[in-house]
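Excluded from the calculations below are hydrogen atoms, water molecules and symmetry mates; all remaining heavy atoms, backbone and side chain alike, are included.
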Amino acid sequence: MKRLILFAVCSIFFSNMLFAQKDLGFELDYARFNYDTSAVYLEFYYELSPQNMKTTPVSNGVEIEAIVHFELKNTATDSFFVNKDWKIKGSLTVNDSTHKTLTGAFGMVVPKGKYSLNVKAYDSQNPSVNRTISEMVTIQPFKGNKFSMSDIELASNIKKDEADEKSIFYKNTLEVIPNPSMVYSHLSPVLFYYAELYGLKLQDAAQTFNLQKILYNSAGAQVYRNAKDIKQNPNAVVEYGIINLSKLPTDSYKLVFTLVDPNSKEAFVTTKRFYLYNPDVKDSTTAKKLNAGVFTSEFQLMSNEECDNMFSEVKYIATNNEIKQYKTLDSLSAKRTFLYNFWKGRNTDPSTERNEFKEDYMKRVEYANEHFSVGQKPGYLSDRGRVLLVYGEPDQKDNYPNESELKPYEVWYYNQIEGGVSFIFGDLTGFGNYILLHSTKRGEVNDENWKDRLATH
């Protein structure tokens with residue numbers, strides 16, 4: 001979600017300055033916090049702008065109402081964890097009605113798994129003014145016997161002394177008012193952050209962990225750094241503070257927290273991206289002009305996990321040297337550059353901005369994950385997924401789900417490969433996990449007695 005929202009936010013931010021925006025001003029962000037060994041506490045933050053919404057007059061101003069349809073579906077079981085509508089309703093004074101936003105938060109305990117998040121928000125009085133957000137959310141419980149960190153929550157303000165204990169934003173003696181838009185500006189240049197640190201325990205009671213907080217610009221240059229020692233604690237440790245952005249130029253930035261074990265030198269890293277609009281500061285650096293292709297591409301906003309996931313998906317078409325090279329990469333910047341060059345080298349028409357080869361391949365990955373996934377195993381890792389990604393869509397596909405005395409199987413035909421080849425997949429377990437039993441393609445599995453493996457007796 002982070003990357004998706006950032007692109008949308010930047011677009012919305014500038015379009016608001018230049019012309020009337022047609023979409024609903026609705027932003028959504030989330031952070032994952034420790035709960036137990038089987039689940040995490042998933043906290044969502046939203047922001048609703050009244051701009052472009054129809055208003056209803058009330059005694060002291062106007063009233064707005066948005067309907068939000070929220071879906072969170074477990075991709076392994078294809079079942080909804082959440083599927084509901086809720087209303088966001090608020091009253092605004094006449095002076096507030098053009099610029100004040102409504103901010104809220106809600107949370108839930110979510111078990112381990114991979115989930116698809118789909119949210120559609122719309123003006124209840126004018127449904128054509130709407131916004132849709134879709135993203136994948138991975139829930140991985142925090143390990144109780146190992147140090148770790150929550151996601152970073154970006155905030156517009158954090159109150160300690162005047163914290164309202166009844167506020168929906170109150171937690172751990174703080175009132176943390178979120179900034180779901182992840183946009184800061186010269187009018188509000190102070191970034192507040194909140195995170196939780198877990199499992200801070202070492203054999204030597206006198207030792208401390210080291211927490212590094214680093215801010216990078218879109219060129220990968222470090223523009224802020226702060227480090228501190230964190231004492232051991234059997235309970236969760238709250239880390240919060242501020243970063244003054246007033247001297248930084250307009251750009252997209254990445255905040256990185258790195259928690260380091262003093263003995264093993266192992267590190268736990270969590271990141272957060274945001275956008276700063278600051279027209280009062282000129283960017284005097286030239287770093288952004290170097291490797292501009294990478295820095296202005298989709299890869300610049302990819303996390304370490306996203307880079308690794310993508311390379312896992314494209315291994316089928318990577319050379320042995322590329323696979324070896326990727327394994328040696330030890331920085332996020334290097335992985336982003338590698339993936340940028342990987343796809344650039346496979347672009348069949350460099351004269352256009354689109355990379356049709358990449359688009360076609362990633363559509364096949366999406367299809368494989370949607371149709372061939374079994375349990376926790378994504379579809380692209382299945383035999384059918386691999387064949388689809390390597391050879392493309394078959395010219396003909398024959399299904400045999402109920403043939404007498406045989407388990408279900410499929411036959412795929414490719415007429416343009418080696419004069420015509422076939423692939424035969426069988427569901428040996430009865431759980432939809434079709435494995436490759438036989439193929440006439442050179443270099444693939446070859447078993448003329450494949451039917452014997454499908455026999456039901």
If you measure from [atom1] on [X] to [atom2] on [Y], what distance do you get to the nearest 0.5 Å?
| X | Y | atom1 | atom2 | result |
| --- | --- | --- | --- | --- |
| Q325 | I323 | CD | CD1 | 11.5 Å |
| Y434 | F425 | OH | CZ | 11.5 Å |
| I317 | Y361 | CD1 | OH | 4.5 Å |
| T270 | I152 | OG1 | CD1 | 5.0 Å |
| D78 | S373 | CG | OG | 10.0 Å |
| L248 | N217 | CG | CG | 8.5 Å |

Quick check: are there more than 12 heavy atoms from other residues, nucleotides or ligands sitting under 6.0 Å from [atom1] of [X]?
| X | atom1 | value |
| --- | --- | --- |
| K397 | NZ | yes |
| E366 | CD | no |
| Y35 | OH | no |
| K171 | NZ | yes |
| Q376 | CD | no |

Please check if any side-chain donor atom of [X] sits under 3.5 Å from a side-chain acceptor atom of [Y], or the reverse.
| X | Y | answer |
| --- | --- | --- |
| Y194 | E196 | yes |
| D229 | N210 | yes |
| N321 | T319 | no |
| H69 | N83 | yes |
| S148 | K143 | no |
| E153 | Y45 | yes |
| S79 | N74 | no |
| Q207 | N263 | yes |

Pairwise side-chain contact, S218 with D251, heavy-atom cut-off 4.5 Å (strictly under):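 They are in contact (side-chain heavy atoms under 4.5 Å apart), so the answer is yes.
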Test item: K335 and N304 side chains (from C-beta on) under 4.5 Å apart, heavy atoms: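 Side chain of K335 against side chain of N304, heavy atoms only: contact under 4.5 Å found.
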Charged N-O contact under 4.0 Å between [X] and [Y]:
| X | Y | result |
| --- | --- | --- |
| K146 | E266 | yes |
| D151 | R32 | yes |
| E27 | R131 | yes |
| D360 | R364 | yes |
| E313 | K363 | no |
| K272 | D29 | yes |

Pair [X] and [Y], ring centroids less than 6.0 Å apart:
| X | Y | result |
| --- | --- | --- |
| F311 | F338 | yes |
| F106 | W86 | yes |
| Y184 | F274 | yes |
| F209 | F147 | yes |
| F257 | F268 | no |

From CA spacing to verdict: side chain to side chain contact (heavy atoms under 4.5 Å, CB included), Y30, L42: CA-CA 7 Å; Y30 68 83; L42 183 59; 3.7 Å; yes
Just by modelled atom types, is the [Y] backbone N or O under 3.5 Å from a matching donor or acceptor in the [X] side chain?
| X | Y | value |
| --- | --- | --- |
| N172 | L174 | no |
| S134 | N118 | no |
| N355 | E359 | no |
| N130 | P127 | yes |

Aromatic plane relationship, Y414 with W412 - under 30° parallel, 30 to 60° tilted, over 60° perpendicular: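 Answer is tilted, since the angle falls between 30° and 60°.
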Stepwise side chain to side chain contact (heavy atoms under 4.5 Å, CB included) test for C307 and R336: CA-CA 7 Å; C307 286; R336 290 170 174 168; 4.0 Å; yes
Please give me the minimum heavy-atom distance between [X] and [Y], naming the atom from each residue.
| X | Y | answer |
| --- | --- | --- |
| T103 | F169 | O-CZ, 3.5 Å |
| F142 | M149 | CE2-O, 2.9 Å |
| G432 | V374 | O-CG2, 3.5 Å |
| P111 | A39 | CA-CB, 3.7 Å |
| L24 | D123 | CD2-N, 4.4 Å |
| K159 | I177 | CE-CD1, 4.2 Å |

Geometric cation-pi criterion, K73 with F80: 6.0 Å, 45°: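 Flagged: K73 positioned over aromatic ring of F80.
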Stacked cation flag R346 on F342, 6.0 angstrom / 45 deg: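 Relative to the ring axis of F342, which defines the angle, R346 lies inside both limits.
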Stepwise ring-ring contact (aromatic ring centres under 6.0 Å, His included) test for Y253 and Y224: CA-CA 11 Å; Y253 293 87; Y224 169 89; over 10 Å; no
K358 vs N347, side-chain hydrogen bond (donor to acceptor under 3.5 Å, both in side chains): CA-CA, chis, key distance, verdict: CA-CA 7 Å; K358 174 179 175 294; N347 189 356; over 6 Å; no
L245 and N278: CA distance, side-chain angles, deciding distance, side chain to side chain contact (heavy atoms under 4.5 Å, CB included) verdict: CA-CA 9 Å; L245 308 173; N278 195 0; over 6 Å; no
Donor-acceptor contacts, no H, no angles, side chain residues 380-390, under 3.5 Å, sequence neighbours left out:
from: Y380; atom 1: OH; to: S312; atom 2: OG; distance (Å): 2.7
from: S382; atom 1: OG; to: G379; atom 2: O; distance (Å): 2.6
from: S382; atom 1: OG; to: G385; atom 2: N; distance (Å): 3.0
from: D383; atom 1: OD2; to: L436; atom 2: N; distance (Å): 2.7
from: R384; atom 1: NH1; to: E410; atom 2: OE2; distance (Å): 3.1
from: R386; atom 1: NH1; to: E444; atom 2: OE2; distance (Å): 3.1
from: R386; atom 1: NH2; to: E444; atom 2: OE1; distance (Å): 2.8

CA sep, side-chain torsions, deciding dist, call: N244, I242, side chain to side chain contact (heavy atoms under 4.5 Å, CB included): CA-CA 7 Å; N244 191 330; I242 65 172; over 6 Å; no
All pairs passing salt bridge (Lys or Arg N to Asp or Glu O under 4.0 Å) where residues 230-245 contributes a residue, at least two apart: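 Counting only pairs at least two positions apart or across chains, the salt bridge (Lys or Arg N to Asp or Glu O under 4.0 Å) contacts touching residues 230-245 are K213-E239, K228-E239.
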Check against side-chain hydrogen bond (donor to acceptor under 3.5 Å, both in side chains), Y409 and N399: CA-CA 6 Å; Y409 69 97; N399 298 318; over 6 Å; no
